[in-house]
Amino acid sequence: MPAKLPSDIAARQVAGNLLAWYDAHARDLPWRSPPGTNAPDPYRVWLSEIMLQQTTVATVRPRFEEFVARWPDIESLAKADDATLMTAWAGLGYYARARNLIACARAVISEHGGAFPATEEGLRGLPGVGAYTAAAIAAIAFGARAVVVDANVARVVARLFAIAEPLPAAMPDIRAATDSITPDARAGDFAQAMMDLGSSICTPRSPHCLSCPLSAHCRAYGEGDPERLPVKRPKAGKPQRYGTIFWVERDGQVLLVRRPPKGLLGGMRALPTGPWADSPPGLADPPLAGAWRMVGGTVDHVFTHFRLELALAVASADRHSGNGIGDEWWPIADIESAGLPTVFAKAARAIRRAG
DNA sequence: AAGCCGTGGCT
DNA sequence: TAGCCAAGGCT
């Protein structure tokens, strides 16, 4: 069931109203140039778009500032070593983004002469740059007329056109509808305006339709129940898994390992763990032989597709204990600077509290 | 195509 | 509180 599209005149009114609203209400964000200006830095646009994937503006803002202070341009980022970059990314989640970030920076240097491709097609070929991100960079950094559809835009458009088909099956209709209202000029501002509108006015629950510049054109508002859109498929439940953290000390240092390069928390520094199973594995598969003892309490963590309950085991090692490849003895007093993913940072804090 | 892949804020 | 949600990409 194709969406009913407004006339060309209505489409122009939607874009005009939205851009006028944006001119008055655009947020001041460090990667964003003032509305109407046309000199954004593609490097900063790209970096912000990668960081913002599935991540809130509030979380990204300080981390973006750290990154651009440390690596102000694509050349400096391409020269960073992998471990340093992964440490800097720690806590942001979806660590494949960090692996792709440095791969992308190096590809821009080695395959594109140090300049980002200016077209959607060219951008789409870069590591970590998918359909959304390619369109966003093309529009925001290069002023191209690209159809930018993220979760905010999808919600706004599903309501504006009253598209009732469930996501993600509705995406082709939503994309076509977005195309029909995307202006030729200021496509980058239009995209950012749609995202700002989605995050502040056209919210998932309790949208603020009385403040919306598009309400006069919104079919869902006209029909009286915009909150019901977009329709989503129910999500599967998260299974519960169990594991054990092995905290072993030697001369005021703790043993850290490097996770395998792909998969969950891939490439990140970590505390040693045994197997993650459907029931508590106890002291199975410790990183080294020793007098392990369980300490009280557990650490709970929720990942995207399962829950994890970690038991805590501690031991002391003598100075001749063997090291595996990638193992490091890290000063316990500086554990916060090790770049541990949040689940391990939580475990470290719990163990240090337990003494 | 649908599952994998983090984390924190909000309700 | 427990679930929902987020400026998605990759396989």
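Proteins come first, then strands; the chains are lettered A, B, ... in the order of their sequence lines, and each starts at number 1.
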A:Arg186 bridged to A:Asp23 by N-O distance under 4.0 Å: yes
Pair A:Asp318 + A:Arg250, salt bridge at N-O below 4.0 Å: no
Qualifying residues under side-chain contact (heavy atoms from CB on, under 4.5 Å), relative to A:Gln253, sequence neighbours excluded: A:Trp329, A:Pro331
A:Asn100 or A:Glu49, whichever maps to the more 5' nucleotide of DNA chain C: A:Glu49
Rounded distance in Å between the P positions of B:dG8 and C:dG9: 22 Å
Nearest-Å distance for atom pair NZ/C1', residues A:Lys346 and B:dG8: 10 Å
Where chain A begins and ends its contact with DNA chain C, read 5' to 3' at 4.0 Å from heavy atoms: C:dG3 to C:dC10
Sequence neighbours excluded - salt bridge (Lys or Arg N to Asp or Glu O under 4.0 Å) pairs with any residue from residues 105-124 of chain A: A:Asp82-A:Arg106
Phosphate contact (B:dG6 OP1 or OP2) by A:His301 side-chain N/O below 4.0 Å: no
Sugar-phosphate, base or nothing in reach of A:Trp46, heavy atoms under 4.0 Å: nothing
Cation-pi, A:Phe306 ring and A:Arg241 (6.0 angstrom, 45 degrees): yes
side-chain contact (heavy atoms from CB on, under 4.5 Å) evaluation trace for A:Leu29 with A:Phe64: CA-CA 10 Å; A:Leu29 301 173; A:Phe64 176 84; over 6 Å; no
Sub-4.0 Å heavy-atom contacts from residues 258-268 of chain A onto DNA chain C, ordered by number: none
Contacting residues from residues 225-246 of chain A, given that a heavy atom lies under 4.0 angstrom of DNA chain B: none
CA sep, side-chain torsions, deciding dist, call: A:Gln192, A:Arg32, side-chain hydrogen bond (donor to acceptor under 3.5 Å, both in side chains): CA-CA 9 Å; A:Gln192 294 179 88; A:Arg32 180 178 280 179; 2.9 Å; yes
Separation of atom CZ in A:Phe303 from atom P in B:dG8, rounded to whole Å: 11 Å
Phosphate OP1/OP2 of B:dC5 contacted by A:His305 side-chain N/O (<4.0 Å): yes
Set of ring-ring contact (aromatic ring centres under 6.0 Å, His included) partners for A:Phe344, sequence neighbours left out: none
Between B:dA2 and C:dA7 - C1' atom distance, rounded Å: 23 Å
Path from A:Val231 to A:Val156 over hydrophobic side-chain contacts below 4.5 Å: no
Verdict with reasoning, A:Thr84 to A:Asp81, per side-chain hydrogen bond (donor to acceptor under 3.5 Å, both in side chains): CA-CA 6 Å; A:Thr84 301; A:Asp81 68 70; 2.9 Å; yes
Main-chain N/O of A:Ser200 paired with A:His208 side-chain donor or acceptor, under 3.5 Å: yes
Separation of atom CG in A:Asp300 from atom P in B:dG6, rounded to whole Å: 18 Å
Touch class at under 4.0 angstrom, heavy-atom based, for A:Arg155 against every strand present: sugar-phosphate
Sugar-phosphate only, base, or nothing, as touched by A:Ala136 at under 4.0 Å among non-hydrogen atoms: nothing
Contact nearer the 5' end of DNA chain C, comparing A:Arg205 with A:Val57: A:Arg205
Sugar-phosphate, base or nothing in reach of A:Ala131, heavy atoms under 4.0 Å: sugar-phosphate
Contacts of A:Pro275 that satisfy side-chain contact (heavy atoms from CB on, under 4.5 Å) - sequence neighbours left out: A:Pro281, A:Ala284, A:Asp285
Sugar-phosphate, base or nothing in reach of A:Ser48, heavy atoms under 4.0 Å: nothing
Dot-bracket line, read 5' to 3' along DNA chain C, where crossing pairs take [ ] and | marks a partner on another strand, Watson-Crick or G-U under 3.5 Å: .|||||.||||
Pairing residues for A:Thr298 by the side-chain contact (heavy atoms from CB on, under 4.5 Å) criterion, not counting sequence neighbours: A:Asp300, A:Glu309
Close residues, residues 83-93 of chain A, relative to DNA chain B [heavy-atom separation under 4.0 Å]: A:Gly91, A:Leu92, A:Gly93
Minimum side-chain heavy-atom gap A:Tyr221-A:Leu210 below 4.5 Å: yes
Full working for side-chain hydrogen bond (donor to acceptor under 3.5 Å, both in side chains) between A:Asn152 and A:Arg155: CA-CA 5 Å; A:Asn152 288 299; A:Arg155 182 173 58 255; 2.9 Å; yes
Note, A:Ile335 side chain near A:Arg352 side chain (heavy atom, < 4.5 Å): yes
Salt bridge (Lys or Arg N to Asp or Glu O under 4.0 Å) pairs, two or more places apart, involving residues 43-64 of chain A: A:Arg63-A:Glu66
Length of the CG-P vector between A:Leu167 and B:dA2, whole Å: 14 Å
Residue pair A:Trp46, A:Phe116: steps toward the ring-ring contact (aromatic ring centres under 6.0 Å, His included) verdict: CA-CA 9 Å; A:Trp46 161 73; A:Phe116 276 89; 5.2 Å; yes
A:Pro183 vs A:Arg12 side-chain heavy atoms within contact, under 4.5 Å: no
Sugar-phosphate only, base, or nothing, as touched by A:Ile137 at under 4.0 Å among non-hydrogen atoms: nothing
Between P of B:dC4 and CH2 of A:Trp276, the distance in whole Å: 14 Å
Sugar-phosphate only, base, or nothing, as touched by A:Arg27 at under 4.0 Å among non-hydrogen atoms: base
A:Asp225, CG atom: more than 12 neighbouring heavy atoms under 6.0 Å: yes
Neighbours of DNA chain B within residues 337-345 of chain A, by heavy-atom distance under 4.0 Å: A:Pro341, A:Thr342, A:Val343
Same-atom distance (P) from C:dC4 to B:dG3, integer angstrom: 16 Å
